Protein chains: 2
Amino acid sequence: MTSIDVAKLAEVSQSAVSRTFTPGASVSDATRERVMAAASELGYRPNALARAMISGRSRLIAILVAYLENQFYPVVLEKLSRALQADGYQVLLFMTDPGGQDEVVRRILQYQVQGILMASATMSSNLANECAETGIPVVMLNRYVANTSASSVTSDNIEGGRMVADFLVRAGHKRIAYIAGIEDSSTNRDREAGFYSGLADHGLVVSGRSVGNYTFEGAALATRELFSRSVKPDAIFVANDHMAFAVMDVIRSELGLRIPEDVSIIGYDNVPEASWNAYGLTTVEQHPEEMARTAIKILLEQVENRTVAKRAAILPAKLIVRSSARTPD
Amino acid sequence: MTSIDVAKLAEVSQSAVSRTFTPGASVSDATRERVMAAASELGYRPNALARAMISGRSRLIAILVAYLENQFYPVVLEKLSRALQADGYQVLLFMTDPGGQDEVVRRILQYQVQGILMASATMSSNLANECAETGIPVVMLNRYVANTSASSVTSDNIEGGRMVADFLVRAGHKRIAYIAGIEDSSTNRDREAGFYSGLADHGLVVSGRSVGNYTFEGAALATRELFSRSVKPDAIFVANDHMAFAVMDVIRSELGLRIPEDVSIIGYDNVPEASWNAYGLTTVEQHPEEMARTAIKILLEQVENRTVAKRAAILPAKLIVRSSARTPD
DNA sequence: CTCAATAGCGCAAGCGATTGTAGAAATTGA
DNA sequence: TCAATTTCTACAATCGCTTGCGCTATTGAG
């Protein structure tokens, strides 16, 4: 079923059909009605690919995600996706793996996407650059890369880390450890930097550090390592919630310690599971809905105005107090 | 950058360029090299939309999901997406909401997708039909609808339910309750039917039932309701894991009961969180990787052979025993 | 009543590729 | 060496639509 078939049945020109399906085009009510009648009789639907070709606007936005295991990403993906749909854009989803990123970029560009959203802390800055070089607007979520024309939306990770340090110190903790995410991710760097600076404000330094690489198993290992040392922490800041659950599991089940009586745990993200009673994780909120909204606002602005003015939005961090960490008096 | 530009630079015809980028087409090595050189000099990438138009193969597969909160869906989505990418297809992601499903179908069809994967227990059979009517292959994951030409991939929900009943009865439980998901979903119907039949095999009937609608909050309410009755259950089969976590939270934190000493809980799905120590949820596994693999195999078979022979794959269910339910001796 | 302005429609070019066909070039065999 | 065969390449039609342009019909002001 093409617009020509509809045109024939409605006894109008093919352009009249096209115009009826183009909002704002100049068609009389009479023509529009005849066209619509013919269209619905034939079950006609305009071919979006043809439209994209001729108009140069595919209304396709690529979303790149590295993994969906950490519940933060599905949540963000859902918000992004719904918002884009509401604005009349379609989402082309790509799962990246550490190896084949060039391949991914090549594909994205072939599909003439109008913009790219990269929602992953573990995304190479290289990739961001490659995309941006083509002139397609790129917005990175939860990651900041210097020397790129890509925009970014992050929470205030530095301030978030600082708040955690302050909270733990004021609760009376002395031996405060840190479990890192992926070393060269901007989220980890900023959270860690803010955390150390917050400790320093109270004249403290971190009393232990190990690396969990943002994975569940990595965090379990990191925890065992921390507690195998002579100085055992009485509080741990874990670089994200996803790892914090593993940490809590190891501390309670394997080490037989109580939370928060023996050890306080604070995470980052405020994923849905953090509010589950079995964990009751005190954490720093990254408001996924707002991050998604902001990212889309920036992206669409660039898409629609064809201006690729880099912007970096930093959303405020907020500490969510639950039961996994002792509270200051 | 179009193929014409490349052709000019390489001093060959535009068709030669096209053929170099078409695997299996007849081009001499000499020509191919010249074209490749010119292409990489200009940074040329074939336009996938133009290719799709003329060839009638968009290599686009739509995936419909209703929500990503239940971790089962992100996991499945990731598997599906990676597998499709590996086969050279792109994923067009759509989040459906109960209201605007017609709108979603309209969009999908406009983008000339070659197949549709519906990964959601809460998808109207109507929608499935509308899609299938157009002749585009549809595979439903985790949902079965009669009177459709859509294929489906499910786990053996009936057998799964039966296994749970058998396990609980043999562990000595007498007052066994059921918390339902969405009433008219096929997963709920089958799990419940299998469960009752399993109880009947031991001469028992369910001792309480309430509805959680597959939501976290719904399950919490359902639990409170169950325990407000005069006969309190000593075991509960919850229609999926996502709800089971809420159930466990309410039982332990609000009702002050111990699991599994006072109440046994069994879920369904074996989502990643089920293995977290704080829950240690005994559950029925739905192997997401295998479900994804099967779904894609069926879908691509239909896409590539243009045969829309309906198929219904039922994968075996497997009980995963952890600590949330008493075990038979 | 006349003329300028405007609204609506049709024509046709073109978006960037694929692909059947036909001819030129290269290869083969006798 | 020449005819027969096999590559390989170029030409051109086509996919389904948007959109600038020009024409006709309508409208309204003077």
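In what follows, chains carry the letters A, B, and so on, assigned in the order in which the sequence lines appear, proteins first and then strands, with residues in each chain numbered from 1. Values in this document were obtained by computation on a predicted structure and should not be read as measured data.
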Tell me: CZ of Arg51(A) to C1' of dG16(C), nearest whole Å? 18 Å
Rounded to whole Å, CG of Leu49(B) lies from P of dT18(C) at a distance of 12 Å
At their closest point, which heavy atom of Asp5(B) faces which heavy atom of Thr2(B), and how far apart are they? OD2-N, 2.9 Å
For this output row, return yes or no: ring centroids of Phe21(A) and Tyr44(A) closer than 6.0 angstrom. yes
Under 4.0 Å protein heavy-atom contacts per nucleotide of nucleotides 23-28 of chain D, with B for base, S for backbone only and - for none: ------
Should Leu80(B) and Ile63(B) count as side-chain neighbours, where that means a heavy-atom distance under 4.5 Å? yes
Can you see if the side chain of Thr2(A) gets near the phosphate of dG16(D) - specifically, an N or O under 4.0 Å from OP1 or OP2? no
Enclosure of Glu304(B) CD (heavy-atom neighbours >12, cutoff 6.0 Å): yes
Show the nearest heavy-atom pair for residues Gln14(B) and Ile4(B), with the distance to one decimal. CG-CG1, 3.9 Å
To the nearest Å, how far apart are Asn47(A) CG and dG16(D) P? 7 Å
Go through the steps to decide whether Gln114(A) and Leu60(A) satisfy the test side-chain contact (heavy atoms from CB on, under 4.5 Å), and finish with yes or no. CA-CA 6 Å; Gln114(A) 293 190 260; Leu60(A) 246 29; 5.8 Å; no
Distance check needed: dC8(D) C1' versus Glu33(B) CD, whole Å only. 16 Å
To the nearest Å, give me how far apart CE (Met53(B)) and P (dA17(C)) are. 13 Å
Ser55(A) side chain near dT18(D) phosphate (N/O to OP1/OP2, under 4.0 Å): no
Please give me every residue in residues 14-30 of chain B whose heavy atoms get under 4.0 Å of an atom in DNA chain C, ordered by residue number. Gln14(B), Ser15(B), Ser18(B), Arg19(B), Thr22(B)
Name the nucleic acid region contacted by Arg57(A), choosing base, sugar-phosphate or nothing; use a 4.0 angstrom heavy-atom cut-off, strictly under. sugar-phosphate
Whole-Å distance, Leu109(B) CG to dG16(D) C1', equals 16 Å
Any side-chain heavy atom of Arg82(A) within less than 4.5 Å of one from Asp97(B)? yes
Tyr44(A) side chain N/O closer than 4.0 Å to the phosphate oxygens (OP1, OP2) of dC17(D)? yes
Atom-pair distance (CZ on Arg34(A); P on dG8(C)), nearest Å: 16 Å
Heavy atoms of Tyr214(B) and Asn188(B) approach each other most closely as OH-N, 3.4 Å
Pairs meeting criterion salt bridge (charged side-chain N to carboxylate O under 4.0 Å, His left out) with involvement of residues 286-295 of chain A, two or more places apart: Lys79(A)-Glu289(A)
How close or far is atom P of dG16(C) from atom CD1 of Ile54(B), stated in whole angstroms? 14 Å
